[in-house]
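Take a look at the structure set out below.
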Amino acid sequence: MSDIPETARQIAGLFALPGEIESCEAYGCGHVNHTFRVHCRGRAEDYVLQRISAIAFHHPEQVMENVVRVTAHLQRAVAARGGDPARETLTLIPLKRGGYCTYDREGVCWRMYRFIPDTVTYQLPDTPEVLRQAGAAFGSFQAMLADFPAGELYETIPRFHDTPHRLADFRRALREDSAGRARTCGEEIEAILSRADRAGELMDAGLPLRVTHNDTKLNNVLMDSATGRGLCVVDLDTVMPGLAAWDFGDAVRFGANTALEGERDLSKVRFSLPMYRAWAEGYLEQAGSMLTPGELDSLPIGCWMMTYELASRFLADYLSGDVYFHIELPDDNLARARCQLALLADMERHGNEMLQVIHELTGRV
Ligand code: ADP
Ligand code: GN1
Ligand code: MG
């Protein structure tokens with residue numbers, strides 16, 4: 001693979017920037033794309049340059065078409081309710097020659113956004129208020145996209161949250177055992193396989209398809225540094241038709257864990273009911289009224305499902321030799337899988353309370 005930071009500098013120069021590029025530094029904590037922050041000499045405004053993972057996204061031009069349409073729709077919706085589209089939505093930067101993306105020598109796609117200043121993202125929330133704000137941001141994101149024609153969106157990663165399909169991928173990775181690691185994680189493999197009978201619970205429930213984000217980690221929402229408000233939802237590459245429970249559940253998987261996503265000390269990993277409640281309050285305040293009773297009841301199942309799905313995706317990638325998720329240490333994907341499994345076991349102890357909270361918040365006690 002070529003030197004990605006060096007390529008980033010060269011590619012940054014192709015975009016219509018207002019001055020000479022002074023720096024282009026790796027930025028953020030994403031596991032799939034590569035992200036850089038670009039600064040131009042003497043200018044106040046920065047930019048975010050991204051290399052779209054070719055392993056995850058096989059049709060980056062379709063990703064870009066979705067992003068162009070979704071951001072245009074969100075800009076109109078935010079303006080219509082009196083918000084500031086420049087801070088509350090992403091703005092793509094065109095290339096000097098026109099268009100919004102370009103390809104490097106290896107055929108990998110790059111694009112650029114305006115950097116939204118004076119914001120913060122969390123890897124681990126310190127108060128429930130952070131989750132309430134993030135919940136409101138994702139809830140309002142979903143509500144603003146409720147009238148977006150879902151049929152016009154490409155499925156950028158086919159069957160992204162089709163958990164039985166993910167489980168089949170896991171079984172294939174286990175069979176092939178291409179990195180020779182299956183013998184090191186028998187307990188984790190068993191934890192996945194022993195829960196396989198629940199994998200179809202959401203897919204088979206006949207729930208309505210909506211336009212969903214599909215990657216609702218807490219670090220995919222920018223919070224206003226001055227007010228703490230959930231300001232702008234980012235990382236729009238997986239916006240496509242999906243279930244409300246996927247967005248709800250993935251956010252809880254990440255944000256209601258008392259530890260980081262890849263925490264190795266499992267004694268720190270617990271499901272936090274107060275964090276869950278805060279997320280649910282924020283989300284339902286914005287999106288609750290558009291959900292059917294069946295969807296509302298599916299939200300706690302979404303938490304279980306996304307945690308289970310990510311455990312199996314991380315473990316499958318570990319078994320395959322870490323081809324999909326970025327790692328720093330050789331066993332990062334195993335640590336992430338273990339952490340998800342510990343969280344899953346704790347969620348299983350709180351299933352009734354999770355549903356009770358949804359009923360309380362929607363006045364159906
Ligand atoms: P990845 O696919 O690598 O997760 P993201 O789009 O989530 O990429 O960006 C990585 C991080 O960069 C985000 O978590 C956020 O902190 C920051 N970020 C992304 N876009 C912007 C933006 N337009 N303005 C400011 N920060 C941003
Ligand atoms: C990836 O790109 P990033 O880091 O926001 C992944 C998500 C996982 C997440 C786990 C396209 O998200 O599905 O939930 O890692 N994105 C893709 O941290 O696979
Ligand atoms: Mg991200």
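Position 1 is the first residue of the sequence, and the numbers go up from there. Order of listing sets the numbers, starting from 1, for every ligand and every atom in it.
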Checklist entry - In terms of atom number and element, which parts of ligand 1 are under 4.0 angstrom from non-hydrogen atoms of Leu90? => result 23 (N)
Next on the checklist: Could you check whether Glu353 pairs with Arg277 (Lys NZ or Arg NE/NH1/NH2 to Asp/Glu carboxylate O, under 4.0 Å)?
Outcome noted: no
Item to check | Minimum-distance protein heavy atom relative to atom 10 (C) of ligand 2 | outcome: Glu261 OE2, 3.2 Å
Checklist entry - Tell me, which protein residue and heavy-atom name are nearest atom 1 (P) of ligand 1, and how many Å apart are they? => result Asp235 OD2, 3.5 Å
Next on the checklist: Please check this pair: side chain of Gln340 against backbone of Glu261, looking for a donor-acceptor N/O pair closer than 3.5 Å.
Outcome noted: yes
Checklist entry - When you measure from atom 21 (C) of ligand 1 to every protein heavy atom, which one gives the shortest distance, and what is it? => result Val48 CG2, 3.7 Å
Checklist entry - Taking only heavy atoms of Phe314, which atoms of ligand 2 are found under 4.0 Å from at least one of them? => result 10 (C)
Checklist entry - For ligand 2, is any non-hydrogen atom under 4.0 Å from Phe57's backbone (N, CA, C, O), its side chain (CB onward), both, or neither? => result side chain
Checklist entry - Which ligand 2 atoms are under 4.0 Å away from a heavy-atom of Phe325? => result 15 (O)
Next on the checklist: Is Val32 close enough to touch ligand 1? Criterion: a residue heavy atom under 4.0 Å from a ligand atom.
Outcome noted: no
Next on the checklist: Taking Arg159's backbone N and O only, do any of them form a donor-acceptor pair with Glu155's side chain (distance below 3.5 Å, no angle check)?
Outcome noted: yes
Checklist entry - Relative to Trp279, does Arg132 satisfy both conditions: NZ or CZ under 6.0 angstrom from the six-membered ring centre, and within 45 degrees of the ring's axis? => result no
Checklist entry - Which atoms of ligand 2 sit under 4.0 Å from any heavy atom of Gly30? => result 4 (O)
Checklist entry - Is any N or O atom of Asn33, backbone or side chain, closer than 3.5 Å to an N or O atom of ligand 1? => result yes
Checklist outcome for this item: CG (Asn219) and OH (Tyr122) are apart, to the nearest 0.5 Å, by 13.0 Å
Checklist entry - How far is atom 9 (C) of ligand 2 from its nearest protein heavy atom, and which residue and atom name does that atom have? => result Lys217 NZ, 3.6 Å
Next on the checklist: Under 2.8 Å from the Mg ion (ligand 3), is there any N, O or S atom belonging to Asn219?
Outcome noted: no
Next on the checklist: Checking the side chain of Ser320 only, and the main-chain atoms of Asp322 only, is there a donor and an acceptor separated by less than 3.5 Å?
Outcome noted: no
Next on the checklist: Suppose we measure from atom 17 (C) of ligand 2 to each protein heavy atom; which comes out shortest, and what is that distance?
Outcome noted: Tyr324 OH, 3.4 Å
Checklist entry - Less than 3.5 Å between some nitrogen or oxygen of Asp235 and one of ligand 2, yes or no? => result yes
Checklist entry - Say you draw a straight line from SG of Cys232 to CE of Met223; how long is it, rounded to the nearest 0.5 Å? => result 12.0 Å
Checklist outcome for this item: The protein heavy atom nearest to atom 11 (C) of ligand 1 is Gly28 CA, 4.0 Å
Checklist entry - Just checking, Arg181 and Tyr318: is the charged tip under 6.0 Å from the six-membered ring centre and within 45° of the axis? => result yes
Checklist entry - Within the structure, does Thr121 bring an N/O atom to less than 3.5 angstrom of an N/O atom in ligand 1? => result yes
Checklist entry - Do any nitrogen or oxygen atoms of Asn219 come within less than 3.5 Å of a nitrogen or oxygen of ligand 1? => result yes
Checklist entry - Roughly how far, to the nearest 0.5 Å, is the CE atom of Met144 from the CZ atom of Arg76? => result 12.5 Å
Checklist entry - Considering only heavy atoms of Thr35, which atoms of ligand 1 have at least one such atom less than 4.0 Å away? => result 3 (O), 8 (O), 9 (O), 10 (C)
Next on the checklist: Please determine whether salt bridge (Lys or Arg N to Asp or Glu O under 4.0 Å) holds for the pair Arg43 and Glu20, giving the CA-CA distance in whole Å, both sets of side-chain angles, and the decisive distance to 0.1 Å.
Outcome noted: CA-CA 9 Å; Arg43 309 292 303 199; Glu20 183 199 340; over 6 Å; no
Checklist entry - Nearest protein heavy atom to atom 1 (C) of ligand 2, by residue and atom, and its distance? => result Val32 CG2, 3.6 Å
Checklist entry - Hey, is Asn219 touching ligand 2 through its side chain, its backbone, both or neither, going by heavy atoms under 4.0 Å? => result neither
Checklist entry - Taking the non-hydrogen atoms of Arg253, is any one of them nearer than 4.0 angstrom to ligand 2? => result yes
Checklist entry - Hey, does the Lys NZ or Arg CZ of Arg111 hover above the aromatic six-ring of Tyr100, less than 6.0 Å from the centre and inside 45° of the axis? => result no
Item to check | the Mg ion (ligand 3) to Asp235: nearest N/O/S atom name | outcome: OD2
Item to check | Donor-acceptor under 3.5 Å (Asp332 side chain, Leu329 main chain) | outcome: yes
Item to check | Any N/O pair Tyr27/ligand 1 closer than 3.5 Å | outcome: no
Item to check | Residue-ligand contact Phe254/ligand 2, heavy atom below 4.0 Å | outcome: no
Next on the checklist: Would His34 count as being in polar contact with ligand 1, using the rule that some N or O on each side must be under 3.5 angstrom apart?
Outcome noted: no
Next on the checklist: For a ring-ring contact (aromatic ring centres under 6.0 Å, His included) check, start with the C-alpha distance between Phe138 and His213, then their side-chain angles and the critical distance, and finish with the verdict.
Outcome noted: CA-CA 8 Å; Phe138 278 114; His213 182 280; 5.3 Å; yes
Next on the checklist: For the residue pair Arg37 and Phe115, would you count it as a cation-pi contact if the rule is NZ or CZ under 6.0 angstrom from the ring centre and within 45 degrees of the ring axis?
Outcome noted: yes
Item to check | Euclidean distance, Leu319 CG relative to Glu188 CD, rounded to 0.5 Å | outcome: 10.0 Å
Item to check | Salt bridge Arg87-Asp84, side-chain N to carboxylate O under 4.0 Å | outcome: no
Checklist outcome for this item: Separation between CD1 (Ile157) and CG (Asn214), nearest 0.5 Å, reads 9.0 Å
Checklist entry - If you measure from each non-hydrogen atom of Asn33 to ligand 2, which part falls under 4.0 Å: side chain, backbone, both or neither? => result neither
Item to check | From the candidates Arg37, Gln123, Gln50, the one that places a heavy atom nearest atom 9 (O) of ligand 1 | outcome: Gln50
Next on the checklist: Polar contacts were defined as any N/O atom of the residue lying under 3.5 Å from an N/O atom of the ligand; does this apply to Ile116 and ligand 1?
Outcome noted: yes
Checklist entry - Using heavy atoms and a threshold below 4.0 Å, how should the contact between Arg313 and ligand 2 be classified: side chain, backbone, both, or neither? => result side chain
Next on the checklist: Looking only at protein heavy atoms, which one is nearest to atom 7 (C) of ligand 2, and what is the separation?
Outcome noted: Asp215 OD1, 3.7 Å
Next on the checklist: If I apply the N/O under 3.5 Å rule, does Asp237 come out as touching ligand 1?
Outcome noted: no
Checklist entry - So which bit of Leu310 gets within less than 4.0 Å of ligand 2, heavy atoms only: side chain, backbone, both or neither? => result side chain
Checklist entry - Could you walk me through whether Tyr283 and Phe248 pass the ring-ring contact (aromatic ring centres under 6.0 Å, His included) check? => result CA-CA 8 Å; Tyr283 174 80; Phe248 185 92; 5.5 Å; yes
